[in-house]
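Start at 1 and go down the list; that is how both ligands and their atoms are numbered.
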Amino acid sequence: MRLQGKVAVVTGAGTGIGQAIAVAFAEAGAAVVIDYVGKASVSEDTIRKIKALGGKSLGVEADISIQDDVNGLIQKTVVAFGKLDIFVNNAGIEKKIAFVDYPLEKWQKIFAVNLTGPFLCSQSAARQMILQGGGGRIINISSVHEDLPMPTNAPYCATKGGLRMLMRTIAVELAPHGITVNNIGPGAIYTPIDKDVESDTRLNDQILAEIPMGRWGKPEEVAQLAVYLASDAAGYVTGSTHFIDGGMLRNAGSL
Ligand code: BGC
C-alpha cells in the first residue's frame with residue numbers, strides 16, 4: 001500500500017473531492033484526520049466510509065482561518081497518531097456574483113477559507129514536519145481557475161491564483177527540509193460545489209461543451225492523483241500545479 005504508516009490531514013473532507021481523497025488515502029494505508037467546521041455530523045459520512053475499509057480516522061473541528069484552531073488541529077493529529085506526514089488543503093468555497101456587485105464581506109470570507117486557510121495550515125504543518133525531520137507533503141486543491149478567468153467568480157479566481165504563488169514560493173523554501181508542495185488543479189468535477197450547474201440542463205450542456213473529454217471528472221480520479229503526490233514515489237515532484245481537467249485548459253487555449 002502506497003501510504004502505509006503515513007498520517008494525513010485533509011481539510012473540508014466531509015464531501016466532494018476532500019472526501020474522495022480521505023477515503024483513497026485510508027485505502028492506501030494512511031491514518032486520516034478529517035477537519036470540519038460546525039457540526040461533527042459533517043465528517044461522519046467520510047469516517048463511516050473509512051471505517052468500512054478497516055482504516056483509521058479521526059474527526060477534528062477546526063476553522064482553518066483561525067490560527068489557534070489550526071495549531072490545535074495539528075496538535076490533535078500528533079496526539080492521536082504520533083506524527084504528521086501529509087497535509088491536504090482542500091477546503092474551498094465560491095459564490096458566483098457579477099464583479100460590479102460583489103460584496104466585500106463575501107470577498108473576505110472566500111479569501112479567509114481559500115487562501116488564509118492554506119497559509120495557516122501549511123505553516124503549522126511545515127513547522128511540525130520540520131520538528132519531526134524526515135520531510136513531508138503539502139498538497140493544495142486549487143483549480144483550473146488559478147490560471148483561467150471565470151466571469152462572476154472573481155474572488156475565487158483571485159484566491160486560486162494566489163494559491164499558485166503561495167505553493168511555488170513555499171515549495172522553494174521548504175525543499176531543503178524534504179517537504180514537497182504541489183497544487184492539484186481540477187476542472188469540472190462532479191461535486192456539491194457545482195450543484196447549481198449540475199441541476200440546470202443549459203448550464204450543464206454549456207460546461208460539457210468546454211471539456212474535450214465531454215464529461216465531468218470524478219472526485220475519485222482527483223483522489224488518485226493526490227495519492228501519488230502524497231506517496232514516497234513523488235519525492236522529486238515539487239513546486240508545480242498538476243491539472244486534471246479532461247483537457248479543459250487546452251480547449252480554452254490557456255497557459
Ligand atoms: C469550480 C467550478 C467550475 C470548475 C470548472 C472549479 O474550480 O469550482 O465551479 O465549474 O472549476 O470551470
Side-chain angles (χ1 to χ4, degrees), residues 10-22 35 37 42 64-65 88-99 101-103 106-119 121 139-168 182-226 229 240-255:
V10 183
T11 66
T15 58
I17 292 174
Q19 179 178 79
I21 290 175
D35 154 71
V37 252
V42 179
I64 56 166
S65 64
V88 181
N89 288 302
N90 167 77
I93 53 173
E94 67 182 293
K95 181 87 191 150
K96 293 172 194 139
I97 303 174
F99 172 64
D101 298 325
Y102 223 101
K106 287 220 163 59
W107 165 278
Q108 283 168 334
K109 175 72 185 165
I110 291 169
F111 266 73
V113 176
N114 293 10
L115 196 52
T116 305
F119 160 67
C121 290
I139 300 167
N140 304 318
I141 305 306
S142 178
S143 167
V144 287
H145 300 295
E146 68 165 50
D147 182 74
L148 183 67
M150 186 177 190
T152 73
N153 227 349
Y156 181 77
C157 293
T159 56
K160 297 302 182 179
L163 198 52
R164 168 157 79 172
M165 285 311 292
L166 176 67
M167 174 277 291
R168 290 181 175 191
N182 288 283
N183 281 12
I184 291 178
I189 310 298
Y190 205 84
T191 71
I193 206 171
D194 263 337
K195 54 180 179 312
D196 55 334
V197 180
E198 291 152 12
S199 61
D200 180 315
T201 316
R202 192 184 55 83
L203 292 177
N204 193 65
D205 288 350
Q206 209 172 305
I207 202 157
L208 291 183
E210 289 173 28
I211 307 166
M213 297 296 290
R215 66 167 176 89
W216 289 84
K218 300 180 194 136
E220 294 74 23
E221 292 175 306
V222 180
Q224 287 310 311
L225 180 52
L229 290 173
S240 289
T241 297
H242 308 269
F243 290 109
I244 172 163
D245 68 350
M248 192 182 211
L249 279 176
R250 292 291 80 75
N251 212 21
S254 174
L255 288 183

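- Ion pair Asp194/Lys96 flagged as a salt bridge, since at least one NZ, NE, NH1 or NH2 atom sits closer than 4.0 Å to an Asp/Glu carboxylate oxygen.
- When heavy-atom distances to ligand 1 are checked against 4.0 Å, the residues falling inside are Glu94, Lys96, Ser143, His145, Tyr156, Gly187, Ala188, Ile193, Asp194, Ile207, Met248, ordered by chain and number.
- Judged as a salt bridge (charged side-chain N to carboxylate O under 4.0 Å, His left out), the pairs with a partner in residues 206-217 (not counting sequence neighbours) are, in order, Arg215-Glu221.
- The one candidate from Leu225, Val222, Asn183 that meets the side chain to side chain contact (heavy atoms under 4.5 Å, CB included) condition with His242 is Leu225.
- Within the 3.5 Å criterion, the main-chain N or O of Asn204 finds no donor-acceptor partner in the side chain of Glu198.
- In terms of the side chain to side chain donor-acceptor pair (under 3.5 Å) criterion, Thr11 has no residue partners (sequence neighbours excluded).
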Show me, pair by pair, the donor-acceptor contacts under 3.5 angstrom made by side chains of residues 155-163, not counting sequence neighbours?
from	atom 1	to	atom 2	distance (Å)
Thr159	OG1	Asn114	ND2	3.3
Thr159	OG1	Pro155	O	3.3
Thr159	OG1	Tyr156	O	2.7
Lys160	NZ	Ile141	O	3.1

